[in-house]
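Structure record follows, encoded as structure tokens.
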Amino acid sequence: GYQRRVHGEPPKFSPNSSSPKTCLMSTRPVPLPPCDHQPKPYVGAPVEEILRLRKQYLHPSWKMFYREPFYPVEGHMQYLWNDKGERFLDFFAGIVTVSVGHCHPRTVKARQILAAICHSQAAKAQLDKLWHTTPIYLTMENALFAKELVAKLPDSKHGGHDDWVIYFVNSGSEANDLAMLMARLYTRSFPMISLRNGYHGMSEGTRGLTAVGSWKYDAPGGPGVFHAQCPDVYRGLFNGPDAGAKYAQDVADIVHQSCGGSVAGFICETIQGVGGTIMLPDGYLPAVYDTIRKAGGVCIADEVQGGFGRTGTHYWSFQRHGVVPDMITMAKGIGNGVPLAAVAARRPIAEALTRKGHFNTFGGNPVVCAVGREVLRIMDDDNLMGRCKVLGDRLMSGLKELQSKHAVIGDVRGVGLMVGIERVKNRHTKQPAVEETAEAMERMKNMGLLVGRGGAYGTVLRLKPPMCITEADVDFALRVMDLAFEGLAPATPQLPSKL
């Protein structure tokens, strides 16, 4: 087998260099905070061989960030190491999935058979007994996990706290697909409403719900979906204190004009993730929920990215708006990287699915549910929601200072550790700074910081790190971004036609 072990110090580099050959990391201008974890020497195929295999055998739609692909081989809490032993601060958390930290000490030391999934001590205990069974038999782990999840949910507006039931699946796409099916069965109506710029998955059904241009194929997605205006107070039609009511009126118009007054349901992210950290304005969700329920529909909160305390003030992001949905979909952070997702539904809605058979082979798998239970305990024991509030405030304050310094920053928005930086060529015209955003990401990677990218134009830097980061990590990220943005202030652009 391969015996590649990389040691030694790489050469110096310029943080603003775009050449992949000068991106080695030893003399970075901003040192990473100390970390006592020592990664194992890399033993494996050379990067060139992995790239060759990927190009030959993996689907070409799997695209990668960066001019020189990043190859993480080990993780510990908020940090990742590449094959050269270089450390990076992960400020994107596997697309908002690693919630409590890479290989958290309480989820490590699992058997090798589980290494590719989560390295969980809780899973090891379950593996010693039973790897897999299905919902056709009793399983203690999924029953206990469902009880513990329900305890995190708000009182139902209809039947109290005990009105919730849980259906476990494997991904956010599956969860949203199932929620849409239950909405249609329960209401015996077909039209669904989602938001433009919203992302809900890539299954056949959820492709209809998704309305981000870069994820829309020229092929039919799930039918019967109407897309309301994205309530974006930065780029949209309305801002100010009455923006929420004005955007909500568009949903009311769709219900009346396009759906004939009757709908199956409405689904949205309270904070759009892939869409670029778009925050719903005050008053929007209460008005929309009222409209949908009067039309006989159900309200679905997509908490795949915004849930589990990431906003810092509430366990679920919809709670910031004073509403209680009829169904809640959750994934990503629920399992800290294992394939785990769920739909929480009011019992009467869930009963509609019993009219015929419905089944998910791996839903509620005992090993995965054991991991999910441990993740919930870590979130509580480590007070990660409180950490998100404190560190999110620190991050936002620093970003506002950077905005006053760098003209390329058009908007800074978000809450807790779910933050976005929208980059523009000109703050007045808001022309998207596409090339500048890509260059900034390369520079940040060169200096040891990994971030995400999203938004309608791909110009929003997505800052959504594992919730275990520290003040030193936040300060490091701010200093790196400050350096990365230097020299990217664009010249006065031509006025765009229409944005």
Side-chain angles (χ1 to χ4, degrees), residues 96-100 104 106-107 118 120 122-123 126 133-135 138-179 182 267 269-270 298-311 314-319 323-351 353 358 360 362-385 388 467:
V96 207
T97 299
V98 179
S99 50
V100 302
H104 189 287
R106 283 173 54 181
T107 62
C118 62
S120 165
Q126 180 60 49
T133 184
T134 74
L138 282 176
T139 305
M140 180 182 70
E141 287 295 336
N142 58 35
L144 290 175
F145 189 26
K147 176 185 176 182
E148 292 157 2
L149 270 180
V150 166
K152 299 294 185 183
L153 302 177
D155 284 349
S156 166
K157 290 290 188 182
H158 300 270
H161 196 78
D162 293 333
D163 195 37
W164 295 106
V165 295
I166 305 293
Y167 193 125
F168 289 112
V169 290
N170 309 290
S171 70
S173 293
E174 282 185 291
N176 287 329
D177 210 52
L178 178 59
M182 285 194 282
I267 184 171
E269 309 156 273
T270 312
V298 299
C299 301
I300 306 167
D302 182 334
E303 292 283 327
V304 169
Q305 294 193 30
F308 297 96
R310 179 165 285 277
T311 62
H314 299 83
Y315 207 81
W316 309 103
S317 60
F318 62 78
Q319 292 174 305
V323 298
V324 178
D326 303 298
M327 283 189 278
I328 305 165
T329 61
M330 54 193 84
K332 292 186 179 287
I334 188 177
N336 199 49
V338 302
L340 175 61
V343 181
R346 289 176 40 231
R347 184 173 295 276
I349 298 173
E351 291 285 351
L353 201 61
H358 197 276
N360 188 297
F362 297 106
N365 174 276
V367 174
V368 173
C369 285
V371 177
R373 295 184 66 203
E374 185 69 8
V375 169
L376 284 189
R377 289 190 287 266
I378 292 171
M379 288 178 178
D380 288 344
D381 293 347
D382 293 355
N383 188 25
L384 293 187
M385 185 169 76
C388 287
M467 296 189 287

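Only a predicted model underlies this, so the values are computations on that prediction, with no experimental measurement involved.
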- [ ] May I ask you to test the I300-D326 pair for a side-chain heavy-atom distance under 4.5 Å?
- [x]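 Counting from C-beta outward, I300 and D326 never come under 4.5 Å.
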Task: Beyond-backbone contact of M182 with M327, side-chain heavy atoms, under 4.5 angstrom - done: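 M182 reaches M327 side chain to side chain.
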Can you check whether [Y]'s main-chain N or O pairs, donor with acceptor, with [X]'s side chain at less than 3.5 Å?
X    : Y    : value
W164 : P154 : yes
S99  : G333 : yes
E374 : V371 : no
S171 : E174 : yes
N170 : L340 : no
D302 : E269 : no

Open item on the list: Between F145 and F168, is the ring centroid distance below 6.0 Å?
Closed with: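 Centroid distance F145-F168: below 6.0 Å, so yes.
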Open item on the list: Does the plane of the ring in Y315 sit parallel, tilted or perpendicular to the ring in F308? Use 30° and 60° as the thresholds.
Closed with: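 Judged by the thresholds at 30° and 60°, the geometry between Y315 and F308 is perpendicular.
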Open item on the list: Looking at R377 and D382, is there a salt bridge between them, counting it only when a charged N and a carboxylate O are closer than 4.0 Å?
Closed with: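 Answer for the salt bridge query: no.
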Task: Carboxylate-amine/guanidinium contact R347 D163, below 4.0 Å - done: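 No.
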Task: Stepwise side-chain contact (heavy atoms from CB on, under 4.5 Å) test for I328 and L153 - done: CA-CA 9 Å; I328 305 165; L153 302 177; 3.7 Å; yes
Task: Among R310, E303, Q305, the one residue meeting side chain to side chain donor-acceptor pair (under 3.5 Å) with S317 - done: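 Running side chain to side chain donor-acceptor pair (under 3.5 Å) over R310, E303, Q305 with S317 returns exactly one hit, E303.
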TODO: Specify the closest pair of heavy atoms between P135 and N360, including all atoms of both residues, with the distance to one decimal.
DONE: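 Minimum heavy-atom separation between P135 and N360: CD-O, 3.8 Å.
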TODO: Check M385 against H314 and note the closest heavy-atom contact, atom names and distance.
DONE: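 Of all heavy-atom pairs spanning M385 and H314, the closest is SD-C, 3.3 Å.
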- [ ] Please lay out, stage by stage, how N336 and T97 fare under the test side-chain contact (heavy atoms from CB on, under 4.5 Å).
- [x] CA-CA 6 Å; N336 199 49; T97 299; over 6 Å; no
TODO: With side-chain contact (heavy atoms from CB on, under 4.5 Å) as the test, would you mind laying out the steps for V169 and F362 before giving the verdict?
DONE: CA-CA 7 Å; V169 290; F362 297 106; over 6 Å; no
Open item on the list: Could you walk me through whether I334 and L149 satisfy the side-chain contact (heavy atoms from CB on, under 4.5 Å) test, starting with their C-alpha distance in whole Å, then the side-chain angles of each, then the deciding distance to 0.1 Å, before giving a yes or no?
Closed with: CA-CA 10 Å; I334 188 177; L149 270 180; 4.1 Å; yes
